[in-house]
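Remember, it's a predicted structure, so these values are computed and weren't measured experimentally. In what follows, chains are A, B, ... by sequence order, proteins preceding strands, each numbered from 1.
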Amino acid sequence: MHIEYFLRYNFQLILGAWRRKIRVIYKGKEKEVEKDRVQDFLKSIGAVAIRVDGRACDLSILSELQQGATVEAILPDEPEGLEIYRHSTSHIMAHAVKELFPDAKVAIGPAIEDGFYYDFDVPAPFTQEDLERIEQKMQEIIKANTPFRRKTMKRDEAVEFFRKRGEQYKVELLEEMEDDEVSLYEEGDFIDLCRGPHIPSTGYIKAFKLLNTAGAYWRGDERNKMLQRIYGTAFSDKKKLKEYLDFLEEVKKRDHRRLGKELDLFSINEEIGPGLILWHPEGALIRKTIEDFWRDEHLKADYQLLYTPHIAKLNLWERSGHWNFYRENMYSPMEIEGINYEIKPMNCPFHIAVYKSALRSYRDFPIRYAELGTVYRYERSGVLHGLLRVRGFTQDDAHIFCREDQIEDEILRVLDFTLFILQTFGFSEYQVYLSTRPEKYVGSLENWERSTNALKLALEHKGLNYEVDPGEGVFYGPKIDIKVKDSLGRQWQCSTIQVDFNNPERFDVTYRGPDGKEHRPIMIHRALMGSLERFFGILIEHYAGAFPLWLSPTQVGVITVAERHVEYAERVLKRLKDEGIRARGYFDNEKVNYKIRQASLRKIPYLVIIGDREVQSGELPVRKRGRVQSGPYRLEDFIKRLKEEIATKSLELNI
RNA sequence: GCCAGGGUAGCUCAGUCGGUAGAGCAGCUGAUUCGUAAUCAGCAGGUCGUGGGUUCGAGUCCCAUCCCUGGCUCCA
């Protein structure tokens, strides 16, 4: 898309050669534009800014351009243009807020992924009505079409300027800047410290909406004052804004907490405790199906399955370093017979203990231990969120013990395995991140170097594009994180693969090498789905509650028309169940429509309705989820098709 | 943990100025035996999150506390 715009709108200014006229290449055609009219021309194609020799600038600098400069239009439809556009909208919002709340102090107001925000220091939080008033005021400012003007000031001068206006946050920002000279943007009565660039005038904004308010710490530090943040979004036209608002609606509809309740999949109970999940029968059935799949595939992939306890002596975590690094997020120890025990926050020490239960040889390698291990971590109350952020969850954990020269191969295997598992659930787009050494770490720099390289090599070998996340590694080693894209295009981090040189040392893990001497193995920690609870939440939203056949808790609904059909329908139901198909009968004395509605609300993939015709013909017409008719099929044929679709874990309903 | 909003029947929600708590769905009972997204009638269902206070009287006002929601911070 950017290429297209580049071709269509890229043009060159060659000043001097034509003095008054400028050669413009526009839509593939060369034409001359009066120098004075270039700005109008750019406006006519909707450019929000220009890129001069690759740097984004205001349109207004056209008059100062040097000879031979290459100028490219930045449009609001490309990422950089949209960012400028939204950033300008945040200024307009701040302007409106200052008009309505003159005592408000402004903090920062950047463009973000889907819009923008601005933080204010105000005595009372904004209400919904305030937002409406601010929106109104913004409309007025946009209608007035006031220009954004860039000004420059010496830094000290700017400090003085903002101090006089009582804008202490701007003063604080300025005082930490290195530059001698800073830029300010003035737009009507509003002036703000800003790097820019900005749109030429407020009238450029065609579609925006203020979305919500929230408290936010100044500079994101919880020791600082809590400011009031207003989130909003802006798009280059009303249609795109509407699409985005519709998307937000769809997100709401798919909310796993709502669907979890509607479909009776799980619940969280205040009396049990926040962040602790109760899996209801239908949710538990889905989980069982996922777990069976997971175990089968792990056995096929030469993993060995383990079960380990839920509590253990605290000194294990002291030894691993977790107590030191994550004490805040671990539950308080409990004293048993004078010794402190801890509910487990992770599984590794147990797997290490299994490893150490016998003398290991290099010939045994790689040793792959896998466990669906339930762990408990204390999460602060404000961060809990449905299934996505909980206090007790089950990791699909594994620890691979191997020699250093086996790391790359093992990582490659794990990568392939991960992608296979994720694809089975319909996640086919990924974003891969390589997280490197964090500020607080343990182990030698050399080990960090080597393990980071091993991860890098594996990724390159696999031909996966990845981004480096500097400093985001775990304290004991670097990691690869994989984010999947769901059916709404949202990204979720599930899989993580971590190299660990540290724990084998701390726990004195060894193996006997070909030389007959003791050596230190390395460990790879990995989780594919991450946490079953969280993954389930993501799946609910990904499928909007309409699970593919193999995962559906009820796969077939059998509905009778009248009481006289029940006997036959019972036989059909039993036959389906005997074949291992999760079928459910709707035989109560209700109208067909009512029973179809009940089953449809449950998002059951296939329904068969049994009336006189079916009893007589012995054939079953099938109603697919989404009101599509299929068939009719003989019962045996229907069963065969169901089994086929379940076995292949098809994402679509194919019958 | 912090800022804000919220918590009323199993679910979704109404409840005016402080005056003795209401609807739809679900549940139960009965009638109806019906052909592709809600048949009709009746019945039952509540310490208004919890604890305290103000008041003749609190779902409503005040305080505390728990939980939920949106963010912030955090996430082995």
Side-chain angles (χ1 to χ4, degrees), chain A residues 117 119 122 124-128 211-231 255 257-258 261-262 264 267-275 317 320-330 344-348 375 377-386 388-391 393 395 397 438 440 472-477 479 493 496 498 500 502-503 525 527 530-531 534 557 559-566 588-602 607-614 621-629:
Chain A
Y117 67 81
D119 287 344
V122 279
F126 297 106
T127 63
Q128 195 54 43
L211 298 170
N212 53 336
T213 60
Y217 301 108
W218 166 236
R219 319 198 97 177
D221 189 328
E222 60 185 327
R223 287 165 302 192
N224 287 341
K225 183 164 184 185
M226 173 85 53
L227 306 176
Q228 294 305 318
R229 175 172 296 180
I230 301 178
Y231 284 94
D255 191 314
R257 293 165 301 183
R258 173 196 176 129
K261 202 180 275 180
E262 279 174 19
D264 196 16
S267 66
I268 301 164
N269 184 324
E270 193 180 326
E271 295 193 0
I272 304 289
W317 320 111
S320 71
H322 286 86
W323 184 246
N324 189 22
F325 277 83
Y326 293 104
R327 188 179 318 192
E328 299 293 301
N329 291 303
M330 287 166 67
K344 70 172 166 183
M346 14 82 81
N347 304 303
C348 357
V375 298
R377 298 176 184 176
Y378 168 70
E379 300 280 3
R380 300 207 280 178
S381 62
V383 306
L384 298 173
H385 181 91
L388 301 181
R389 194 74 183 269
V390 294
R391 285 183 175 161
F393 59 96
Q395 290 183 313
D397 211 355
K440 284 166 84 181
E472 290 302 306
V474 193
F475 73 88
Y476 52 70
K479 61 174 179 169
Q493 200 225 299
T496 184
Q498 308 168 350
D500 182 2
N502 173 55
N503 274 305
H525 307 240
S531 127
R534 184 179 144 81
I559 296 175
T560 47
V561 175
E563 231 164 58
R564 64 179 176 279
H565 309 122
V566 171
D588 6 324
N589 180 10
E590 286 288 350
K591 290 194 147 186
V592 187
N593 276 349
Y594 180 82
K595 291 189 277 191
I596 287 174
R597 183 178 155 81
Q598 295 309 306
S600 302
L601 288 174
R602 284 280 159 151
L607 302 179
V608 291
I609 288 104
I610 294 176
D612 291 337
R613 284 202 297 274
E614 288 68 34
V622 175
R623 182 189 159 116
K624 286 161 77 153
R625 190 165 55 202
R627 306 181 188 215
V628 186
Q629 285 295 136

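As rounded to the nearest Å, B:rA4 and B:rU65 have P atoms that lie 14 Å from one another. Annotation: B:rG51 and B:rC66 have their C1' atoms spaced 10 Å apart (nearest Å). For the P atoms, the distance from B:rU39 to B:rC34 is 15 Å, rounded to whole Å. To the nearest whole angstrom, the two P atoms, one in B:rC72 and one in B:rU55, are 44 Å apart. Going from the C1' atom of B:rG19 to that of B:rC11 covers 30 Å, rounded to whole Å. Going from the C1' atom of B:rC63 to that of B:rA58 covers 15 Å, rounded to whole Å. A distance of about 14 Å separates the P atoms of B:rU16 and B:rG49, rounded to the whole Å. Comparing the same atom, C1', in B:rG46 and in B:rA23 gives a spacing of 14 Å after rounding to whole Å.
RNA chain B lies under 4.0 Å from at least one heavy atom of each of the following residues of residues 267-275 of chain A: A:Glu270, A:Pro274.
Under the 30°/60° scheme for interplanar angles, the aromatic rings of A:Phe475 and A:His322 are found to stand perpendicular. Classification of the A:His525-A:Tyr476 ring pair by plane angle, with boundaries at 30° and 60°, yields parallel.
In terms of position on RNA chain B, the residue among A:Gln498 and A:Val592 whose nearest nucleotide sits closer to the 5' end is A:Val592. Between A:Val474 and A:Ser381, the residue whose closest nucleotide on RNA chain B is further toward the 5' end is A:Ser381.
Within 4.0 Å (heavy atoms only), A:His525 reaches no atom of the nucleic acid at all. Looking at heavy-atom distances under 4.0 Å, A:Arg623 makes contact with a base. The residue A:Tyr476 sits close only to the backbone: its heavy atoms come under 4.0 Å of sugar-phosphate atoms, none of a base. At the heavy-atom level, A:Ile559 lies nowhere under 4.0 Å from the strands shown. If you check every strand for non-hydrogen atoms under 4.0 Å, A:Arg389 touches a base. Among the heavy atoms of the strands lying under 4.0 Å from A:Lys261 are primed sugar atoms or P, OP1, OP2 only; no base atom is included. The residue A:Gly220 sits close only to the backbone: its heavy atoms come under 4.0 Å of sugar-phosphate atoms, none of a base. Here A:Gln228 lies in heavy-atom contact (under 4.0 Å) with sugar-phosphate atoms only. Within 4.0 Å of A:Arg564, counting heavy atoms only, lie sugar-phosphate atoms of the nucleic acid but no base atom. Within the nucleic acid shown, A:Tyr231 comes within 4.0 Å of sugar-phosphate atoms alone, with no base atom in reach, counting heavy atoms only. At a threshold of 4.0 angstrom between heavy atoms, the contacts of A:Tyr594 are confined to the sugar-phosphate backbone, with no base atom among them. The residue A:Asp612 sits close to a base: some heavy atom pair falls under 4.0 Å.
The side chain of A:Met226 has B:rC2 as its nearest neighbour among B:rC2, B:rC75, B:rA37. Distance from the side chain of A:Arg613 is smallest for B:rG35 among the nucleotides B:rA76, B:rG35, B:rU69. Checked against B:rC74, B:rU39, B:rA37, the side chain of A:Lys591 finds its nearest nucleotide in B:rU39. With B:rC2, B:rA76, B:rU39 as the candidates, the nucleotide lying closest to the side chain of A:Glu590 is B:rU39. The side chain of A:Ala214 has B:rG71 as its nearest neighbour among B:rC11, B:rG71, B:rG35. Ranking B:rC68, B:rC74, B:rA76 by closeness to the A:Val383 side chain, first place goes to B:rC74.
Formation of a donor-acceptor pair under 3.5 Å by the A:Arg377 side chain with backbone atoms of A:Asn329 is not found in this model. The backbone N or O of A:Trp218 sits nowhere less than 3.5 Å from a side-chain atom of A:Lys225 that would complete a donor-acceptor pair. Proximity of a side-chain donor or acceptor of A:Asn269 to a complementary backbone N or O of A:Glu271 within less than 3.5 Å is detected.
Pairing of B:rA76, defined by two Watson-Crick or G-U wobble distances under 3.5 Å, is not identified with any nucleotide. Across all strands shown, nothing is found opposite B:rU36 as a Watson-Crick or G-U wobble partner with both distances under 3.5 Å. With a cut-off of 3.5 Å on both pairing distances, the Watson-Crick or G-U wobble partner of B:rU69 is B:rA4. Remark: B:rC61 base-pairs with B:rG53; criterion is Watson-Crick or G-U wobble with both hydrogen-bond distances under 3.5 Å. Of the nucleotides present, none pairs with B:rC48 by Watson-Crick or G-U wobble criteria with both distances under 3.5 Å. Nucleotide B:rG27 is matched to B:rC43 when pairs are restricted to Watson-Crick or G-U wobble geometry with both distances under 3.5 angstrom. Pairing of B:rU20, defined by two Watson-Crick or G-U wobble distances under 3.5 Å, is not identified with any nucleotide.
Taking OG from A:Ser600 and CZ from A:Arg627, the interatomic distance works out to 7.5 Å, rounded to the nearest 0.5 Å.
The side-chain contact (heavy atoms from CB on, under 4.5 Å) test applied to A:Gln493 returns A:Asp481, A:Lys483, A:Thr496, A:Arg534, not counting sequence neighbours. Judged as a side-chain contact (heavy atoms from CB on, under 4.5 Å), and not counting sequence neighbours, the contacts of A:Arg564 are A:Ala562, A:Asp612.
For A:Tyr217 against B:rG1, a side-chain N or O and a base N or O form a donor-acceptor pair under 3.5 Å. Residue-to-nucleotide contacts include a donor-acceptor pair under 3.5 Å from the side chain of A:Glu614 to the base of B:rG35. For B:rU73, the base has a donor-acceptor partner in the side chain of A:Arg380 [N/O atoms by modelled type, under 3.5 angstrom].
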#### Entry: Worked check of side-chain contact (heavy atoms from CB on, under 4.5 Å) between A:Trp317 and A:Arg327
CA-CA 9 Å; A:Trp317 320 111; A:Arg327 188 179 318 192; over 6 Å; no
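At B:rA76, none of the side-chain N or O atoms of A:Arg377 fall inside 4.0 Å of OP1 or OP2 (strictly under the cut-off). An OP1 or OP2 oxygen of B:rG35 is reached within less than 4.0 angstrom by no side-chain nitrogen or oxygen of A:His565. In this structure, A:Asn593 reaches the B:rA38 phosphate: one of its side-chain N or O atoms is under 4.0 Å from OP1 or OP2.
Atoms OH (A:Tyr117) and C1' (B:rU73) sit 13 Å apart, rounded to a whole Å.
Residues A:Asp221 and A:Arg219 are not paired through a salt bridge, judged by the lack of any N-O separation under 4.0 Å between the basic side chain and the carboxylate.
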